[in-house]
Amino acid sequence: MSVALQMMAFVLALLSTLFLLLATCTDCWMVNADDSLEVSHKCRGLWRECVTNMQDGVRTCDQYDSILADHPVKIVVTRTLLITADLLAGLALAVLLLGLDCIKFLKEEPRVKLKMCYGAGVILGIGGILGFVGSVWYAVDVYVERAMLVSHNIFLGVHYDFGWSCWLGMAGSTGCFVASVLLTCCLY
């Protein structure tokens, strides 16, 4: 039972970490959600903004000036939280891998391996919470920005909605947190 639970938590943590990494690196956190006939599809991300021409499929991206340039708070906070979540999830994955019962590392020390699994669960939980806060922070800021424009009767021709990168960040963070619960609460 313990080995199956550890393996399930490891697979979930691995997938969730990959989701978090993909969410951090991809550039579709906000997509245009205009209902009219569009000739282009616009995505905004944490690192750049891309436009895809729907007729010929050509995609062009504009990098943001610099990582240290003056960016909106939502981008800076989301970058910081997601990079921290990525690092913590990666560290937890390495510790969890060494703590698995099926790995020969410290085979004669089962209590140490159990503590490693528990520690990996705690680290995963912290990373999952940070990633979820970053993803939700970005999503709420997109919603508030859109609501402010609508309340002031400002229509710029296009409005943005949550992109798949935002949803991927939320899914990865939730998966990390569930793996954390499996490792800290259910393993004993």
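Along the sequence shown, residues carry numbers from 1. Basis for what follows: all heavy atoms, side chains included, without hydrogens, waters or symmetry-related copies.
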Problem set entry | Cysteine SG atoms at C50 and C28 closer than 2.5 Å |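 Looking at C28 and C50, their sulfur gamma atoms do not lie closer than 2.5 Å, so the answer is no.
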Can you list everything that forms a side chain to side chain contact (heavy atoms under 4.5 Å, CB included) with [X]? Sequence neighbours excluded, please.
X   : value
V51 : S40, K42, T60
L93 : F10, A13, L14, T17
D62 : none
T24 : W47, L82, I83, D86

Problem set entry | Within residues 16-27 or reaching into it, pairs that qualify as salt bridge (Lys or Arg N to Asp or Glu O under 4.0 Å) - sequence neighbours excluded |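 Listed once each, the pairs are D27-R48, D27-R59.
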Exercise. With sequence neighbours left out, which residue pairs that include part of residues 123-132 fulfil the salt bridge (Lys or Arg N to Asp or Glu O under 4.0 Å) condition?
Worked result: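 Sorted result for residues 123-132: empty, none.
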Minimal non-hydrogen separation, [X] against [Y], with atom names:
X    : Y    : answer
L98  : K113 : O-NZ, 3.0 Å
C43  : V31  : SG-CG1, 3.5 Å
A89  : L20  : CB-CD1, 4.4 Å
L183 : C117 : CB-O, 3.7 Å
V76  : T80  : O-OG1, 2.8 Å
A179 : A9   : CB-O, 3.8 Å

Same cluster for [X] and [Y] if Ile/Leu/Val/Met/Phe/Trp/Tyr side chains link at under 4.5 Å?
X    : Y    : result
Y118 : V112 : yes
L15  : L96  : no
V95  : I129 : yes
L97  : M7   : yes

Exercise. When you measure from the side chain of W29 to the backbone N and O of A23, does any donor-acceptor pair fall under 3.5 Å?
Worked result: yes
Exercise. Among all residues two or more places apart in sequence or in another chain, which pass the side chain to side chain donor-acceptor pair (under 3.5 Å) test with K74?
Worked result: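 Side chain to side chain donor-acceptor pair (under 3.5 Å) check on K74 returns E145.
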For this session: Go through the structure and list residues passing side chain to side chain donor-acceptor pair (under 3.5 Å) with S165, not counting sequence neighbours.
Result: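 With neighbours one apart ignored, the set is T26.
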Show me the donor-acceptor pairs, under 3.5 Å and distance only, between side chains in residues 170-178 and residues at least two apart or in other chains.
unit_1, atom_1, unit_2, atom_2, d
S173, OG, G131, O, 3.4
S173, OG, F132, N, 3.0
S173, OG, G169, O, 2.8
T174, OG1, M170, O, 2.8

For this session: Could you list all the side-chain hydrogen bond (donor to acceptor under 3.5 Å, both in side chains) pairs where at least one residue sits in residues 122-144, not counting sequence neighbours?
Result: none
For this session: Under 4.5 Å between side-chain heavy atoms, chaining through other members, with only Ile, Leu, Val, Met, Phe, Trp and Tyr counted: pull out the rest of the cluster around L22, sorted by chain and number.
Result: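 Other cluster members: F19, W164, L168.
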For this session: Could you list who else is in L21's hydrophobic cluster, with ILVMFWY side chains joined at under 4.5 Å, directly or through other members?
Result: none
